[in-house]
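Below: one structure, written as structure tokens.
Read the numbers this way: they start at 1 and go in the same order the structure lists the ligands and their atoms.
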Amino acid sequence: MRSEIYRSASKTVKALLSASRSSPLLAEGRAVAAAAATSFRGKTPALASFYERAHSKSAFNTWFSGALVLPAAVYMLQEQEAHAAELERTFIAIKPDGVQRGLIAEIISRFERKGFKLVAIKLVVPSKDFAQKHYHDLKERPFFNGLCNFLSSGPVLAMVWEGEGVIKYGRKLIGATDPQKSEPGTIRGDLAVVVGRNIIHGSDGPETAKDEINLWFQPEELVSYTSNAEKWVYGDN
Ligand code: DAT
Ligand code: MG
């Protein structure tokens, strides 16, 4: 989805470039800039405001020479396109036991060091009702009530992590549900002992990831940005 946005933004910039080359007149350049701002609005907010700023007041004449703004925009898009491979997102939460045991930094660092990117984070105490929504697929299980009581008993660190294969690999980093069966080297394997206090939650597939991200976060709480590390984490030879 993201890469589609970049592709369409990129197309617009390419169109802009050829338009600016064939029509050096500033008045036409202004129209092109306005079109670009409209096209980007609601898609890539940073670029939209970039163009709106470039388009504003008298600064426009000095800014939008076509020599300064367009190459900068192209550079930004190329930077983003370089790693706009289908990056997926997953919902990860450190449960009240993990928070109380001071394991936030330890757990975050495992995702961070792997090369995944944090795109949303907040500390919340979910209500029981909210916990029941989160675990709705387990409502028939005997431990459902206790599980929801526990999740809503204290602070939960809710996060969204982004990266290639992050849903499946996030589960690998986390380890098996029952820490007695989790491999050493995994979060639960290294840091937890029993299933009722297994310190962390991770979405188990693309559908649950989407649902859980939507349940825990508003769209504006998800931060899209380019990490400096991305060009070193991703790449083909
Ligand atoms: P996971 O958290 O690995 O996705 P799950 O979705 O099957 O596992 O279960 C959600 C949570 O419910 C799990 O992290 C801990 C708790 N749980 C699972 N099985 C349990 C059991 N047999 N007894 C007690 N709690 C259990
Ligand atoms: Mg689960």
Side-chain angles (χ1 to χ4, degrees), residues 1-2 86-219 221-223 233:
M1 182 187 70
R2 234 166 53 118
E86 297 299 317
L87 292 185
E88 59 186 50
R89 290 175 170 180
T90 193
F91 174 71
I92 301 290
I94 305 180
K95 300 184 202 178
D97 46 348
V99 174
Q100 294 293 353
R101 289 178 52 202
L103 295 173
I104 289 174
E106 167 73 37
I107 291 170
I108 286 182
S109 78
R110 291 181 181 220
F111 281 81
E112 221 174 19
R113 285 184 297 163
K114 169 73 176 165
F116 293 139
K117 183 168 75 176
L118 183 66
V119 295
I121 185 165
K122 64 182 172 189
L123 192 65
V124 287
V125 180
S127 66
K128 172 103 183 257
D129 182 59
F130 190 92
Q132 287 169 337
K133 281 196 184 106
H134 172 75
Y135 279 129
H136 67 93
D137 57 327
L138 298 173
K139 60 177 177 293
E140 308 302 340
R141 308 295 291 273
F143 55 83
F144 179 68
N145 191 48
L147 177 65
C148 295
N149 280 337
F150 177 60
L151 192 73
S152 57
S153 70
V156 171
L157 192 76
M159 296 175 280
V160 177
W161 286 86
E162 184 183 276
E164 210 170 300
V166 71
I167 300 173
K168 211 166 172 189
Y169 208 91
R171 295 281 298 190
K172 273 195 191 181
L173 289 178
I174 288 171
T177 303
D178 179 356
Q180 294 288 326
K181 298 183 180 135
S182 320
E183 294 295 324
T186 64
I187 291 167
R188 285 168 174 164
D190 289 350
L191 306 170
V193 181
V194 297
V195 73
R197 296 291 181 270
N198 65 4
I199 69 171
I200 182 166
H201 167 86
S203 307
D204 62 11
E207 282 308 308
T208 46
K210 196 161 115 278
D211 292 348
E212 290 170 0
I213 291 168
N214 287 339
L215 177 66
W216 288 81
F217 288 97
Q218 300 300 315
E221 292 178 298
L222 305 171
V223 183
V233 173

Could you tell me if any non-hydrogen atom of [X] lies under 4.0 Å from any atom of ligand 1?
X      : value
Arg188 : yes
Asn198 : yes
Arg141 : no

Look at atom 4 (O) of ligand 1 and say which protein heavy atom is nearest, naming residue and atom and giving the distance to 0.1 Å.
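Going by distance alone, atom 4 (O) of ligand 1 is nearest to Arg171 NH1, 2.8 Å.
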Note the single closest protein heavy atom to atom 12 (O) of ligand 1, along with its residue, its atom name and the distance in Å.
Leu147 CD2, 3.2 Å
Distance under 6.0 Å and angle within 45° of the ring axis: does Arg89 meet both against Phe116?
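Not flagged: Arg89 not positioned over aromatic ring of Phe116.
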Backbone N or O of Thr177 within a donor-acceptor pair of the Asn198 side chain at under 3.5 Å?
yes
Sub-3.5 Å donor-acceptor pair from the side chain of Thr186 to the main-chain atoms of Ser182, do we have one?
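Absent.
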With sequence neighbours excluded, give me every ring-ring contact (aromatic ring centres under 6.0 Å, His included) pair touching residues 154-194.
Phe111-Trp161
State, without any angle test, whether Asn145 and Lys128 hold a side-chain donor-acceptor pair at a distance under 3.5 Å.
yes
Within-cut-off N or O pair, Lys95 and ligand 1, under 3.5 Å
yes
In terms of heavy-atom contacts, does NZ of Lys122 have more than 12 from other residues, nucleotides or ligands at under 6.0 Å?
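Yes.
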Subset of ligand 1 atoms that lie under 4.0 Å from at least one heavy atom of Thr177:
1 (P), 3 (O), 8 (O), 13 (C), 18 (C)
Side chain, backbone, both or neither: which part of Leu138 comes within less than 4.0 Å of ligand 1 when only heavy atoms are counted?
side chain
Measure the CD1-NZ distance between Ile167 and Lys210 for me, rounded to the nearest 0.5 Å.
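These two atoms lie 11.0 Å from each other.
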Selected option - heavy-atom contact closest to atom 21 (C) of ligand 1, from Tyr135, Phe150, Phe143, Phe144:
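Among Tyr135, Phe150, Phe143, Phe144, the closest heavy atom to atom 21 (C) of ligand 1 comes from Phe143.
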